[in-house]
There are 2 protein chains.
Amino acid sequence: MVIYEDLAETIKSGKWRPNTKLPSENELVAHYETSRETIRKALNLLSQNGYIQKMKGKGSFVLDVSRFDFPISGLVSFKEVAEKLGHDSKTIVEELELIKPNEEIRTRLNISHKDSVWKVIRSREINGERIILDKDFFNRKYVSHLTRDICEGSIYEYLEKEVGLKISFAKKEISVDELTEEDHRYLDLKEYDHVVVVRNYVYLEDASLFQYTESRHRLDKFRFVEFARRGV
Amino acid sequence: MVIYEDLAETIKSGKWRPNTKLPSENELVAHYETSRETIRKALNLLSQNGYIQKMKGKGSFVLDVSRFDFPISGLVSFKEVAEKLGHDSKTIVEELELIKPNEEIRTRLNISHKDSVWKVIRSREINGERIILDKDFFNRKYVSHLTRDICEGSIYEYLEKEVGLKISFAKKEISVDELTEEDHRYLDLKEYDHVVVVRNYVYLEDASLFQYTESRHRLDKFRFVEFARRGV
DNA sequence: AAGTGGTCTAGACCACCAT
DNA sequence: TGGTGGTCTAGACCACTTC
């Protein structure tokens, strides 16, 4: 939605300070030359995403977004986050192969032993330390082709732009697990004896499960931020 | 919204199996005797919350909610979660006092040294082990009165039903921290030398920050689940 | 009383899907 | 082609806030 983007951009740019009042819905209707429902849909999105607070009888007010820094919320990829933070980051493709899934992966991807699966293991280096280990498993039915080159960049970008897959939603699970032999091999662990594990089940537009990802973070470098509205 | 509740209930009850097609928007319009936009608002909520997947030209389909078990998502309290899981749980009020906030708390609650603050420390026992330590700080401006009795139940319930506070949104932050002296005192830590810390900044309807909470979980008992749609 | 957001309506046109 | 969801419109009535 173009109106949402426009308003969000104005707020993010700081042109409207926190706690100031937005133009009223009727004023926005006049400004964008559209209907009130359309304006309201844009404002509701802003509200959901923590940009504004709407108050009946009073108006809509800008929230202090600067405090909601660096959301790993949603489905943003490592590359996007690293770029946003301006960190020196590097991706190392440790393993890339087409496998017959074992039982764990079959269960997680909800497939049979006849299917084959792309297995990608990448470590992520930030400021010279390997602190994240990403293990991706793609159902081959949806991803026929994968190369080292692609894995070194953003797989998501490739899948969305080149393959044309439409990623729709995901279920995320965060927990803390004990170290595996792989963690030892591919991460600079220091003295820590656990990792934070983010498990992600990713679905396409037609609700088919096409990817399972395990993102293993060194304890001290993990951070997750979320904005949540009550009741929704 | 009553239509949303009704549809969500039908799905949760299992009356509509996963992957089955919902009645079309027009059919729902006829059934609920309302307008299409109203139906669409309800369906959009269901989609956001992971109940259904909408497909252009095809219809809306029930997702498998059973996999999205036990969301700590949003602002649900310990009590609600424990009850949902049917666990043997107990709350111990370790400390309750009105304090002059130190610098850390002043910063977190964004208040001055003249303000006073309720400090509540509670440990949470599940199946005989104290595994969560909740530290709550309430700006006294909004919470004038607090007793041990209230803290043993649900403070949120008290604040919303008795005091009439309208909780609106929150910013949540998850990280892993080293143990403090308090963790040692109030938790059964086993061999673990870190805790998962969930920091919550809670805001009222008028966007005023009234509470800061630190929820400290034993590593092995922490779990966080989230459903997320791409792009939103 | 005037202005604000909250909710709903009846209708329109479009893009996509199955047939 | 007919049915589906996606988007938008112009208008209405309500509840709340402010003056």
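Proteins get letters first, then strands, A, B, ... in listed order; numbering begins at 1 in each.
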Could you tell me whether the side chain of [Y] reaches within less than 4.5 Å of the side chain of [X], counting heavy atoms only?
X: B:Y51; Y: B:W16; answer: no
X: A:E205; Y: B:M55; answer: no
X: B:W118; Y: B:F137; answer: no
X: A:E37; Y: B:E37; answer: no
X: B:Y156; Y: B:V202; answer: yes

Nearest-0.5 Å distance, CG of residue B:L209 to CG of residue B:N139: 7.5 Å
Spatial distance of atom SG (A:C151) from atom CD (A:E95) [nearest 0.5 Å]: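 Taking SG in A:C151 and CD in A:E95, the distance rounds to 11.5 Å.
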Residue-phosphate contact under 4.0 Å: A:R40 side-chain N/O, C:dG6 OP1/OP2: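 Indeed, a polar side-chain atom of A:R40 lies that close.
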To the nearest angstrom, how far is [X] atom [atom1] from [N] atom [atom2]?
X: B:L28; N: C:dC8; atom1: CG; atom2: P; answer: 15 Å
X: A:L22; N: C:dT4; atom1: CG; atom2: C1'; answer: 13 Å
X: A:Q53; N: C:dG6; atom1: CD; atom2: C1'; answer: 14 Å
X: B:F61; N: D:dG5; atom1: CZ; atom2: C1'; answer: 11 Å
X: A:E25; N: C:dG6; atom1: CD; atom2: C1'; answer: 8 Å
X: B:I39; N: D:dT4; atom1: CD1; atom2: C1'; answer: 15 Å
X: B:Y32; N: C:dT7; atom1: OH; atom2: C1'; answer: 18 Å

Per-nucleotide pairing state of DNA chain D [Watson-Crick or G-U, under 3.5 Å; [ ] pseudoknot-crossing; | other strand]: ||||||||||||||||||.
Nucleotides 9-19 of chain C: protein proximity per nucleotide (B base, S sugar-phosphate only, - neither; heavy atom, under 4.0 Å): BB-B---BSS-
B:Y32 and B:D6 side chains, donor-acceptor separation under 3.5 Å: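 A donor-acceptor contact under 3.5 Å links the two side chains.
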Distance-only side-chain donor-acceptor flag, B:S24 / B:N26, under 3.5 Å: no
Nucleotide of D:dG6, D:dT4, C:dC8 approaching B:M1 most closely (side-chain heavy atoms): C:dC8
